[in-house]
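The basis for the numbers below is simple: all heavy atoms, side chains too, and nothing from hydrogens, waters or symmetry mates. This chain uses plain numbering: 1 for the first residue, then up along the sequence.
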Amino acid sequence: MKEIILAKSAGFCYGVRRAVQMAEDAAKACDSCTMLGSIIHNAHVVEDLESQGVHRVNSPEELNGGETVIIRSHGEAREVFGRLERKNAVVMNSTCPRVLKIQQLVQDAEKEGRKPLIIGEPKHPEVLGVAGWCHDPLIFHIPENIEKWLCADDNNKNIPITVVCQTTCTQKLYEICTEILKKECTNVKIFDTICDATYKRQSEAAEIAAHVDAMIVVGDRQSANTRHLTEICSGICPAVFQIERADELPLRDLRKYETVGLTAGASTPARIIKEVYTTMSEETIVTGGTEDFAKMLEESFKTLNTGDKVTGIVTAITPTEIQVDLGTKQAGYIPVAELSDDPSVKPEDVVKVGDEIETYVVRVNDIEGYATLSKKRLDTVKMWETIETAKDEKTTLEGIVTEENKGGIVVSVKGIRVFVPASQSGLPRNADMSELLKQKVELRITEVNRARRRVVGSIRAVQFEARQAAAEAIWNDIEEGKRYTGTVKSLTSYGAFVDIGGVDGMVHISELSWSRIKHPSEVVSVGDQVEVYVISADKEKHKISLGLKDRSVDPWDKFVASYHVDDVVNVKIVKLMTFGAFAEVVPGVDGLIHISQIADRRIEKPADVLSEGQTVDAKIIAIDEENKKISLSIRALLQSEEEVADAE
């Protein structure tokens, strides 16, 4: 051998490590401690525990009564716990948390009226234990048996089925079996319960086996996990040796291989792996990193504490949680609620399987073998530093408006609650602030008190700066005739003020419409989006005159093209003066009916005969094209009528 490649995932999984640790702790704490069957599938570990005073029995009936009994990591059937209770045993349940989850799944399936189907070895302790938590489950180890069951009775395809699998099942077997069930069954729920540590170990072993000349698999021959590793490697590598300990190494055979891979089952203790590795290393010319191996062992035994910052690898993502491999005896889980401060975010949008992720340890449950993690809380700790820096450096942050209260609104900035007073919300006074709820906003931090967890911010400050920048850009580029899309901000009796993007301009009432209007509200309303053009701009006084009416179409041109002197037109009285009345001939063009031309008699004032809004017929008696003035006469029409009457 010239090189040894050691699998990083070799050895105890967290479930096995937890079970052994519980047994060792019980041996120290109890005078009488018993394991029910082999606590894990490794005879050497079981012997070691027996030497520490942990005795083994094969059934509850062998107990004298009152002993502390450790349930093996593979789990037991429900009725076994009843038998232990009758023996007054103190039960320590070291069942792997993954297996406990499968036991719960089959119980739930039965409550829902579904048939549990277990993919696994029918006589394996884990499968027997799971089957003992429901009635009459289906158990299949090979795809052919599933096909036979489906063909035996057509009604089988319509049975509601819940599918689980042995935690150490190979991915290939699981995929083949579930593909058949998905294709043939009409009502099937499938749960991938393969342990992520198992999947990782099998994948890594396959990868190493593809690049070496020979492969060593260390583990108890009764261990399904070890057996599956051997099967996987044998399908890839031409020379595979399964051993239980270092003295079984075929050293003479190994000398002829250049590179040798080394992996171990989930029930193999680190000390045995190290013995095998050390023995192989003595035979090598180039060794594969003893220091790395020692570091790996140290990492695998490190403990977690609440409040620790830890880094792990995402191994699985479900709708409710993200599973993280921390390299410790505890399995790490991030509840979806602890992933992000955004409740609408999807887990797969934040992390992917294989990503390295830094988290905060919220709670450690050594009994169950879990560590509850939170990315959101760690992000919050980091965010406090960002918040303080943002205040000092006056940088802009982004957040989601989550609440409205009497004094303002609350914005969540990466999990930090930032209070924004109503006066700083950016809305007009007395506006309904609920319209901001669930909106993404930008704000400036104005006050931070970390001890009291108080942060105050301002949306208005950001808006003000944005307007200032926009205003500066407009003043730099503004010129007569340039067009803008603006928003009507306010109305007065003489015109409308329009925001053209940071700068307000005024549209005089005469520039709103070609028609004569009494008030701007006849044409526009506050909040309207309008297209305006620059009539004039005084950069020194910061005044802009805008126009709204379409200057490309001059109503006077339309008038002169359509009407002539002596034409009779129907006009609308738009304004009464002491000297006469103005009447709209066409929109944007008014004519004057002098007081002397209103009636065929002397009148004191136009209002004696006419009223604003009234429509009357009038005769065009003069057109001044140079000054764009029109003279109208109602009297001329009245005289014509009299002349006609006299002639008759």
Side-chain angles (χ1 to χ4, degrees), residues 1 4-21 23-24 35 37-52 54 56 58 72-74 96 121 123-126 166-168 170 195 197-198 201-202 204-206 208-209 212 214-255 257 260-284 288 290 293 296-297 300-301:
M1 291 178 290
I4 303 170
I5 300 176
L6 173 66
K8 294 180 180 179
S9 59
F12 279 178
C13 65
Y14 73 87
V16 169
R17 185 182 297 113
R18 169 177 169 271
V20 173
Q21 188 66 53
E24 290 176 344
M35 54 181 150
S38 297
I39 193 167
I40 64 170
H41 267 159
N42 191 288
H44 305 291
V45 173
V46 172
E47 289 173 8
D48 187 47
L49 288 173
E50 288 179 329
S51 70
Q52 297 178 49
V54 183
R56 179 175 54 171
N58 294 316
R72 57 188 173 181
S73 63
H74 293 115
C96 171
E121 300 175 25
K123 294 183 179 180
H124 191 279
E126 177 188 319
Q166 188 177 333
T167 56
T168 55
T170 64
C195 174
T198 298
R201 180 181 286 103
Q202 292 176 352
E204 189 181 13
I208 293 173
V212 295
M215 196 76 190
I216 301 294
V217 181
V218 186
D220 195 288
R221 290 181 175 83
Q222 299 302 312
S223 166
N225 182 284
T226 304
R227 187 165 60 254
H228 290 152
L229 282 176
T230 304
E231 292 168 357
I232 290 169
C233 293
S234 297
I236 302 170
C237 183
V240 179
F241 305 91
Q242 182 182 336
I243 63 172
E244 290 193 357
R245 53 196 315 158
D247 56 16
E248 296 181 13
L249 275 168
L251 294 176
R252 182 175 297 176
D253 293 330
L254 292 178
R255 291 190 185 110
Y257 300 113
V260 178
L262 174 60
T263 188
S267 301
T268 308
R271 59 179 176 78
I272 291 181
I273 301 172
K274 190 171 184 178
E275 283 177 10
V276 172
Y277 183 87
T278 302
T279 303
M280 291 174 66
S281 298
E282 291 172 355
E283 297 291 321
T284 64
T290 307
F293 180 77
M296 182 191 76
L297 291 180
S300 69
F301 283 103

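In this structure, OG1 in Thr279 is found 7.0 Å from CG in Leu251, a value given to the nearest 0.5 Å. Distance check: Ile232 CD1 to Glu204 CD gives 12.0 Å after rounding to the nearest 0.5 Å. Annotation: the span from Leu229 atom CG to Thr168 atom OG1 amounts to 9.5 Å, rounded to 0.5 Å. One distance of note links OH of Tyr277 with CG of Leu262; it measures 8.5 Å at 0.5 Å rounding. Asn225 contributes atom CG, which lies 11.0 Å from atom CG of Asp220 (distance to the nearest 0.5 angstrom). The CD1 atom of Ile216 lies 12.5 Å from the CD1 atom of Ile208; values are rounded to the nearest 0.5 Å.
Thr170 and Glu231 form no side-chain donor-acceptor contact under 3.5 Å, judged by distance and modelled atom types alone.
Of all heavy-atom pairs spanning Ile243 and Glu248, the tightest one is CA-OE1, 3.4 Å. Smallest separation of non-hydrogen atoms from Ser267 and Ile40: O-CD1, 3.7 Å. In terms of heavy-atom proximity, Thr263 sits nearest to Ala205 at CG2-CB, 4.2 Å. Looking at every heavy atom in both residues, Gly219 comes nearest to Gln242 through O-NE2, 3.9 Å. Of all non-hydrogen atoms in Leu254 and Leu249, the two that sit nearest each other are CD1-CD2, 4.0 Å. Of all non-hydrogen atoms in Cys237 and Met215, the two that sit nearest each other are SG-N, 4.0 Å.
Contacts of Arg56 classified as side chain to side chain contact (heavy atoms under 4.5 Å, CB included), with partners at least two apart in sequence or in another chain: Met35, Ser38, Val46, Glu50. For Glu244, the salt bridge (charged side-chain N to carboxylate O under 4.0 Å, His left out) partners two or more places apart in sequence, or in a different chain, are Arg221. For Ala23, the side chain to side chain contact (heavy atoms under 4.5 Å, CB included) partners are Ile39, Leu49, Ile70, not counting sequence neighbours. Looking at residues two or more places apart in sequence or on another chain, you find a ring-ring contact (aromatic ring centres under 6.0 Å, His included) between His74 and His41, His124. Among residues two or more places apart in sequence or in another chain, the salt bridge (charged side-chain N to carboxylate O under 4.0 Å, His left out) test is passed with Arg245 by none. Taking Glu24 as the reference, nothing meets the salt bridge (charged side-chain N to carboxylate O under 4.0 Å, His left out) condition, with sequence neighbours excluded.
Judged by distance alone, the side chain of Arg201 and the main-chain N or O of Ala264 form a donor-acceptor pair under 3.5 Å. Here the side chain of Gln202 pairs no donor or acceptor atom with the backbone of His228 at under 3.5 angstrom.
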Val212 and Val260: CA distance, side-chain angles, deciding distance, side chain to side chain contact (heavy atoms under 4.5 Å, CB included) verdict: CA-CA 6 Å; Val212 295; Val260 178; 5.8 Å; no
Stepwise side chain to side chain contact (heavy atoms under 4.5 Å, CB included) test for Asp48 and His44: CA-CA 6 Å; Asp48 187 47; His44 305 291; over 6 Å; no
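Atom CD of Gln222 has 12 or fewer heavy atoms from other residues, nucleotides or ligands within 6.0 Å.
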